[in-house]
Amino acid sequence: MATTEAVAPTDFIRSIVEEDLRTGKFAGRVQTRFPPEPNGYLHIGHAKAISIDFGIAQDYGGQCNLRFDDTNPVKEEEEFVDAIQNDIRWLGYDWGDRLFYASDYFEQLYQWAVQLIKDGQAYVDSLSPDQVKEHRGAFGTPGVESPYRNRSVAENLDLFERMRAGEFPDGAHVLRAKIDMTSGNMNLRDPVMYRILHATHHRTGDAWCIYPMYDFAHGQSDSIERVTYSLCDVAYEEHRPLYDWFLDQLGIFHPQQLEFARLNLTHTILSKRYLARLVREGHVRGWDDPRMPTLAGLRRRGYTPEAIRDFMNRVGVAKSPTTVEIALLEHCLRQDLNLRAPRVMAVLDPLRVVIENYPVDQVEEVAAENNPEDPGMGSRRLPFSRVLYIERDDFREAPPKKWFRLSPGAEVRLKHAYFITCREVVKDESGEVVELRCTYDPESRGGSTPDGRRVKGTLHWVSAGHAAPAEVRMYDHLFTKPDPSDVPEGQDFTVNLNPNSLQVLTGCLVEPGLAGQAPGSRYQFLRQGYYCLDPDSTPEKLVFNQSVTLRDSWAKIEKANE
RNA sequence: UCGGGGAUAGUUUAAUCGGCAAAACAUCUGACUCUGGAUCAGAAAUUCGGGGUUCGAAUCCCUGUCCCCGAGCCA
């Protein structure tokens, strides 16, 4: 099978790694980590970080750890720990036995905090949250020092110990680093290192009632794990001076933080908060709704890990804030599935066809290749009979220009079967076409005739007596605008929600072999697109999700004719 | 207002030391086809502006503009 991952990634981070490898900066070691907070589901934006963190380790013979950044017990849940691991594995990455938690390091972090207090680099502040905020100052103006800033080391030690012992209520005190209240970088204006939180932690239970802040936990966790490259979002670029400061004050192993731009995609949103709102307000059916950009949603939609990895390689790694067209993601899926998905025939909007000159009770089997891109995928046999269904959209009573499909008097090929000619159009009282009376050419079996006559159109079909009923869920972009946040004054992104992002087709008919297949199975519905069997399927009714359409040049012609 | 980061076809990225600006996606043509699919061939399209250095600048210097991020006891 041809590989779909042909693009060799090259980027500024890899250049730095290669340079370090040359100069021996980290003794030839490449160690990265992926540090999710277990407070939500992973989405395709995270997949970019995963692909970079694991991909770079892989490329240079290093390792990537999985570390849950679980320093805030009030936001984090065990449920997400499992879901996140599942998603990363599904994407195709492996952290071996290196599954860690920032909470594994709580005791060490505490000892380091004590060390900084003893060194006069940290102090217990007893200002209220509002006062801390006031003292911090604004962008243009310097902050002012807390009156508690110059407490003695002994008093700080005593207070901090008692904070740990649970003597104070939430918010009564914090431990802050003593840096510079006048810094232009807000992160350096005596950042909070520890806060009091009488909350049960998903792993440490009630062992702690003080918890370290991200800035005091992340770099040291990296250091403990001997991470060489701590790769993160550009949002953390302004935190780097602080990341470096703690490591330097502590005098411990110093990983290098490097920042890259996070992924944005057109026609969707990638903010955990907004995604949660879509779920909460019922705009989608859940976190794994096939319209969601979550990995769970993409998986259910029929996306392959290969397509997503290929996409990440094509998107590249840089620092400028950018928005990738969702068309590229869709292209990657098509390209992958074109090579791997078995072709099947499915009629979404059935129109009855009776072959008048075909024997009433006869059923024969025609051979159908499973994938013209890969003969190794073999072939199957399909039942053909006198009564069939074709796609309603494949017939026009008054055909437009360049119409290759069926119309009164026209001859087309039924894929893998016979040529048929439309003789008569049957309508009901309201004038709707309900049936086509056709004849077939017995000589055309297999799709060609002895006289070598050509037909322009080839249609998919199913045999009425054999087809399996199905529901097909058709999807379109979640948002109508490329940038969902482009809204009129006073409104929010929900006004750009696409009312037609889900269209449920019932009464579809698919070829018989599809019954009983495993949920998650992916197919190409011939001439239509790629579809994936949904877990909602039952023995009575198959349910398919449309993953992505095929490129449709007729749609373009039709549009141009308008 | 201050600090940090960024700017190359419509989009995302390349361009080794200062040496012919390129690829993919998207768009448009055409060929081919038992999927109006796939494939193939082709077209159009790019260095944020203004100065400067240089034989030569996307790259170096000066200057301006625009965009993103930052004032959680969130990560």
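In what follows, chains carry the letters A, B, and so on, assigned in the order in which the sequence lines appear, proteins first and then strands, with residues in each chain numbered from 1.
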Any salt bridge between [X] and [Y], counting N to O under 4.0 Å?
{"X": "Arg453(A)", "Y": "Asp451(A)", "answer": "yes"}
{"X": "Arg14(A)", "Y": "Asp59(A)", "answer": "yes"}
{"X": "Glu225(A)", "Y": "Arg33(A)", "answer": "no"}
{"X": "Asp374(A)", "Y": "Arg340(A)", "answer": "no"}

Taking the same atom, [atom1], in [N] and in [M], what whole-Å distance lies between them?
{"N": "A7(B)", "M": "U16(B)", "atom1": "P", "value": "15 Å"}
{"N": "G70(B)", "M": "A75(B)", "atom1": "C1'", "value": "14 Å"}
{"N": "A22(B)", "M": "U35(B)", "atom1": "P", "value": "36 Å"}

Remember a base hit wins even if backbone is also touched, and classify [X] as base, sugar-phosphate or nothing at under 4.0 Å, heavy atoms.
{"X": "Arg240(A)", "answer": "nothing"}
{"X": "Lys556(A)", "answer": "sugar-phosphate"}
{"X": "Arg343(A)", "answer": "base"}
{"X": "Pro372(A)", "answer": "base"}
{"X": "Arg454(A)", "answer": "sugar-phosphate"}

Worksheet item: Think Arg67(A) forms a cation-pi with Phe100(A), using NZ or CZ under 6.0 Å from the six-ring centre and within 45 degrees of its axis?
Response: no
Searching all strands shown, indicate the nucleotide that pairs with [N] (Watson-Crick or G-U wobble; both distances under 3.5 Å).
{"N": "A44(B)", "value": "none"}
{"N": "C20(B)", "value": "none"}
{"N": "C25(B)", "value": "G10(B)"}

Is the ring centre of [X] less than 6.0 Å from the ring centre of [Y]?
{"X": "His173(A)", "Y": "Phe168(A)", "answer": "yes"}
{"X": "Trp461(A)", "Y": "Phe384(A)", "answer": "yes"}
{"X": "Phe12(A)", "Y": "Phe260(A)", "answer": "no"}
{"X": "Tyr274(A)", "Y": "Phe493(A)", "answer": "yes"}
{"X": "Tyr523(A)", "Y": "Tyr530(A)", "answer": "no"}

Taking only nitrogen or oxygen atoms into account, show me every contact under 3.5 Å that the protein makes with nucleotides 10-14 of chain B, one pair per line with its distance.
unit_1	atom_1	unit_2	atom_2	d
G10(B)	N2	Glu325(A)	OE1	3.1
U11(B)	O4'	Glu325(A)	OE2	3.2
U11(B)	O3'	Thr323(A)	O	3.1
U11(B)	O2'	Thr323(A)	O	3.4
U12(B)	OP1	Thr323(A)	N	3.1
U12(B)	OP1	Thr323(A)	O	3.4
U12(B)	O2'	Val315(A)	O	2.7
U13(B)	OP1	Thr322(A)	OG1	3.3
U13(B)	O5'	Val315(A)	O	3.3

Between the protein and nucleotides 40-47 of chain B, which nitrogen or oxygen pairs come in under 3.5 angstrom?
none

Worksheet item: Starting at CZ of Phe260(A) and ending at P of G6(B), how long is that distance when rounded to a whole Å?
Response: 15 Å
Worksheet item: For nucleotides 70-75 of chain B, read 5' to 3', which letter fits each nucleotide if B means a protein heavy atom sits under 4.0 Å from the base, S means only the sugar-phosphate is that close, and - means neither?
Response: BBSBSB
Worksheet item: Is any N or O donor-acceptor pair between the side chain of Gln528(A) and the base of U35(B) shorter than 3.5 Å?
Response: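 Between U35(B) and Gln528(A), which were checked side chain against base, a qualifying N/O pair under 3.5 Å is absent.
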Practice prompt. Report the relative orientation of the aromatic rings in Phe106(A) and His201(A); use parallel for angles under 30°, tilted for 30 to 60°, perpendicular for over 60°.
Written response: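 It falls in the perpendicular class, over 60°.
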Worksheet entry | Nucleotide nearest Asp552(A) when distance is taken to its side chain, options G37(B), U35(B), G36(B) | G36(B)
Worksheet item: OP1, OP2 of A38(B) versus side-chain N and O of Arg334(A): anything below 4.0 Å?
Response: no
